[in-house]
Amino acid sequence: MQITIAKHSGFCTGVRRAVDTAMSVPAENTFVLGEIIHNKHVVEQIEARGIKTVNNLDAVPDGATVIFRSHGVPADYYRQCQQRNINVIDCTCGFVRNTQKIVKSQYEQGKFIIIVGEAAHPEVVGLLGWCANSALVVNDENSDLTTVKDKDVCVVAQTTFSVEKFEKIIENIKNLCEKTVAVFKTICYTTYDRQLEAEQLSKKCQAMIVIGGMNSSNTNKLYDICRTNCKNVFRLSGPDDLDYEKIKNFKSVGIVSGASTPNAQNREVLLKMEEKSTEVNATSSMADVVAKIDSESKFKKGQIVTATISEATEDGLQILLPFSKKEVPLSKEELDCEVYNAADYAGKIGESIDLLVVELKPSLKLSQKMIKVLAEEEALSAEIESGKEFQVECTGYNKGGLTATLGTYSVFVPAKEIRPSFVKDLTKYVGKTLRLRALEVKRDKKKEIIASQRVILQEEKEAKEAAKAAKEQEFFANIAVGDVVEGKVERVTSFGAFVSVNGFDCLAHISDLSWTGAKAVTDVLEIGKTYQFKVLKVDTEAKKVSIGYKQLQPQPWDLAAEKYSVGEVIHGKVVRIVPFGAFVEVEKGIDGLVHVSQISYERIETPATVLNVGDEIDAKIIALDPVAKKMNLSIKAVLPEPERKPRAEKAEGETHKRGRASRKSDDEYSDWSEGSSIGTSLGDILANAQKNNK
């Protein structure tokens with residue numbers, strides 16, 4: 001018997017990722033929405049781990065974890081999960097995700113959506129949820145399309161739909177529609193390859209075996225194609241369904257399997273055929289076919305295989321790979337355990353263990369712990385693809401931008417995506433942590449994430465500006481001239497202090513800090529301290545607010561009545577001289593007037609002949625009016641009053657001498673007076689007064 005295996009058999013990339021994820025994520029409180037794939041054996045393996053399969057989102061408890069399978073889900077499911085705090089592990093196939101984006105975009109542009117596929121298929125149900133369930137689902141070239149005759153149409157296909165049927169339906173739509181028809185051929189290329197191989201094999205083989213779950217859409221498509229070209233087609237869900245008696249007499253048998261069929265099932269079917277076979281083809285035995293499958297599909301880098309533990313040693317385990325009699329060593333460092341103990345594994349001999357093919361050359365290297373690492377990485381990459389921010393350390397750069405790694409993924413940040421402004425020197429980013437959001441995630445062999453830091457910085461800037469604008473609007477809506485506010489002094493300048501009032505900078509000008517004037521802001525206010533201020537001016541348009549500190553402080557004259565009284569002697573400094581007197585600074589903000597008549601007991605023509613600006617004097621308060629802000633002072637009131645000599649009495653008979661005696665007395669007064677003339681200083685006056693008192 002000549003056996004030919006289709007090259008494109010077994011799991012596709014999307015299905016493999018979903019299954020690997022379900023087989024490696026923590027099982028506790030984790031659910032799969034719908035069967036992970038249409039394969040009973042795989043579903044049973046996943047459920048054996050403790051992961052439950054549910055048919056609707058309502059069955060997933062709040063706060064749990066849900067796996068979205070490769071078929072995808074309606075857009076609203078993501079919103080529901082966010083509202084219910086459900087952690088999503090999104091395993092939607094990349095081809096399906098692309099179709100979802102097309103449907104959403106075209107629907108928002110006003111196009112009428114036609115989905116070519118099976119209405120009940122999970123992928124189609126999910127696609128309907130990206131266009132408000134308004135699409136027309138067509139699965140047959142004879143379907144009634146009259147309702148779309150006058151519409152602008154967008155056509156997409158279920159990724160596993162028959163290529164041949166899709167082309168016929170498209171032709172009918174184009175012939176019927178009077179307006180634009182936008183066609184997106186969204187059938188997965190692996191689906192096309194499988195269908196093409198099935199057609200070619202079924203034309204040249206006497207019998208065909210189609211392996212896959214009975215409810216697998218893509219497997220059923222392969223079965224239909226094979227039946228079109230071959231009379232003897234056998235549908236198997238697994239090796240137990242094989243009836244060798246029905247195929248043993250065929251000279252050539254072709255084998256195809258669906259995208260949800262594990263390679264292990266293909267090998268099991270072949271081994272069962274080998275066991276039952278009594279005839280061996282001279283050029284290609286069953287063993288050769290199995291060996292070929294093993295070499296082509298079993299040992300692929302990144303593949304997960306289920307092996308059997310055969311021995312536990314101090315260095316690790318000896319494991320037996322499926323369909324092989326040769327043992328392979330598994331290092332203890334590659335086991336998913338905190339501390340390796342051979343005795344713990346001695347009782348597990350004969351049990352199965354899932355391993356990841358890490359390296360093929362120079363020798364086969366397997367790992368258990370890398371399954372968990374990759375699963376976590378894939379879960380993270382799914383989150384990253386959905387828009388989650390992530391961080392990496394920049395390890396290098398090239399002409400186009402910055403480079404880094406995230407697990408097994410390479411990360412590239414184009415130069416224009418580093419920050420909103422132009423970056424001239426890329427070298428300064430090497431070794432720095434980048435905050436990124438994915439622009440594209442490539443899960444092919446290259447495994448690359450193209451990301452942007454600019455979008456995060458731009459969003460934060462816009463959010464900050466919006467928050468600032470909202471805060472300013474609220475601030476100006478709730479502040480008015482005359483309000484008393486509390487503010488913290490943030491910084492000072494030569495002209496004033498900037499004070500934070502509810503997060504908004506207000507200016508307290510230096511002239512509004514003290515009634516007596518301040519040479520420096522720090523003479524009145526201290527940076528970092530909080531004070532009460534009065535709102536003096538609000539300019540909403542210019543976004544400026546002026547505040548004052550002195551306006552809430554008592555003025556010097558307000559306290560004058562408490563501090564001073566008539567008759568009290570004060571010490572002050574002459575600050576200004578005018579023709580009618582001198583102004584004396586009693587304290588900062590309070591000046592008293594010494595009238596020219598109150599400077600000396602002797603008559604003086606002008607105060608400037610006696611007093612100088614800056615002279616310090618003592619004076620008595622002779623009048624005080626705080627309301628009018630007036631204080632009258634007297635210098636002479638604190639000086640001893642000079643004594644005058646009495647005039648001599650006139651003797652009888654000396655009348656003729658009267659005039660002379662009188663003149664002499666006047667001369668004597670004049671002599672004292674001359675000593676205290678206008679040109680005499682205040683010091684001389686005080687000195688003469690003291691001399692006369694003696």
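Numbers for residues simply follow the sequence, beginning at 1.
Surrounding NZ of K543 are more than 12 heavy atoms belonging to other residues, nucleotides or ligands, all under 6.0 Å away. Residue K534 places its NZ atom among 12 or fewer non-hydrogen atoms of other residues, nucleotides or ligands, all under 6.0 Å distant. Heavy-atom contacts from other residues, nucleotides or ligands closer than 6.0 Å to CD of Q82 number 12 or fewer. Remark: F583 CZ is packed, more than 12 non-hydrogen atoms of other residues, nucleotides or ligands lying under 6.0 Å away. In the displayed structure, Q473 atom CD is contacted under 6.0 Å by at most 12 heavy atoms of other residues, nucleotides or ligands. In the displayed structure, E460 atom CD is contacted under 6.0 Å by more than 12 heavy atoms of other residues, nucleotides or ligands. By the 6.0 Å contact criterion, NZ on K104 is open, its count of non-hydrogen atoms from other residues, nucleotides or ligands being 12 or less. The environment of CD in E28 is sparse: at most 12 heavy-atom neighbours from other residues, nucleotides or ligands sit within 6.0 Å.
Atom CG of D618 and atom CD1 of I635 lie 9.0 Å apart (nearest 0.5 Å). The CG atom of D90 sits 3.5 Å away from atom OH of Y78, with the distance rounded to the nearest 0.5 Å. Q453 contributes atom CD, which lies 11.0 Å from atom NZ of K432 (distance to the nearest 0.5 angstrom). Taken to the nearest 0.5 Å, the CD1 atom of I622 stands 8.5 Å off from the CG atom of L593. To the nearest 0.5 Å, atoms NZ (K468) and NZ (K464) are separated by 8.5 Å. Rounded to the nearest 0.5 Å, atoms SG (C394) and CG (L402) are 4.5 Å apart.
In the model, S452 has no side-chain atom that pairs as donor or acceptor with a side-chain atom of R454 under 3.5 Å. Between the side chains of Q80 and D76, at least one donor N or O lies within less than 3.5 Å of an accepting N or O.
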When you look at E602 and K636, which way does the salt bridge (Lys or Arg N to Asp or Glu O under 4.0 Å) test go after all the steps? CA-CA 9 Å; E602 300 300 326; K636 75 178 185 180; over 6 Å; no
Checking side-chain contact (heavy atoms from CB on, under 4.5 Å) for the pair T92/Q100: CA distance, chi angles, key distance, verdict? CA-CA 10 Å; T92 302; Q100 292 173 345; 4.1 Å; yes
Apply side chain to side chain donor-acceptor pair (under 3.5 Å) to the pair E526 and T522, showing each step before the final yes or no. CA-CA 6 Å; E526 186 176 338; T522 50; over 6 Å; no
Stepwise side-chain contact (heavy atoms from CB on, under 4.5 Å) check, V484 with L552: CA-CA 9 Å; V484 176; L552 298 179; 3.8 Å; yes
Take N398 and F412 through the test side-chain contact (heavy atoms from CB on, under 4.5 Å) and record every step on the way to the result. CA-CA 10 Å; N398 55 36; F412 178 67; 3.5 Å; yes
Test side-chain contact (heavy atoms from CB on, under 4.5 Å) on N87 and V66 and set out the steps. CA-CA 6 Å; N87 177 43; V66 65; over 6 Å; no
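Heavy atoms only, all atoms of each residue included: N29 and G63 are closest at ND2-O, 4.0 Å. Scanning all heavy atoms of the two residues, the minimum distance from P61 to I86 falls at O-CG1, 3.8 Å. Heavy-atom minimum distance, Q551 versus G548: OE1-CA, 3.1 Å. Nearest approach of A518 to I510, heavy atoms of both residues: O-CD1, 3.4 Å. Nearest heavy-atom pair, A582 versus V574, reported as atom, atom and distance to 0.1 Å: CB-CG1, 4.4 Å. Taking every heavy atom of both residues into account, P74 and G129 meet most closely at CB-CA, 3.6 Å.
Under the 4.0 Å criterion applied to side-chain N and carboxylate O atoms, E333 and K369 are not assigned as salt-bridge partners. Salt-bridge check for E385 with R97: passed, with a basic side-chain N closer than 4.0 Å to an acidic carboxylate O. Using a 4.0 Å cut-off between charged side-chain N and carboxylate O, K488 and E486 make no salt bridge. A salt bridge links D62 with R84; the closest basic N to acidic carboxylate O contact falls under 4.0 Å. Remark: R576 does not engage D591 in a salt bridge, criterion side-chain N to carboxylate O under 4.0 Å.
Contact check for I418 versus L426: side-chain heavy atoms found under the 4.5 Å cut-off. Taking 4.5 Å as the limit, every side-chain heavy atom of V392 sits out of range of all side-chain heavy atoms of I449. Contact check for Y77 versus F68: side-chain heavy atoms found under the 4.5 Å cut-off. Side-chain contact between K573 and V586: absent, with no pair of heavy atoms (C-beta onward) separated by less than 4.5 Å. For the pair V54/V60, a side-chain contact is recorded, criterion being any heavy-atom separation below 4.5 Å from C-beta on. Side chains of F31 and T65 form no contact here, defined as non-hydrogen atoms less than 4.5 Å apart. In this structure, I89 and C91 have side chains that are in contact, with non-hydrogen atoms separated by less than 4.5 Å. Counting only heavy atoms from C-beta outward, the side chains of T395 and T403 approach each other to under 4.5 Å.
Relative ring orientation between F504 and F475 is described as parallel, the plane-to-plane angle staying below 30° on a 0-90° scale split at 30° and 60°.
In this structure, Y549 has its ring center under 6.0 Å from that of Y531.
The main-chain N or O of R17 is found under 3.5 Å from a side-chain atom of T21 such that the two form a donor-acceptor pair. For the pair K447 (side chain) and V441 (backbone), a donor-acceptor distance under 3.5 Å is absent.
Just one residue in the list T609, L611, L639 forms a side-chain contact (heavy atoms from CB on, under 4.5 Å) with I599, and that residue is L611. Screening E393, E417, E389 for a salt bridge (charged side-chain N to carboxylate O under 4.0 Å, His left out) with R435, the sole residue that qualifies is E389.
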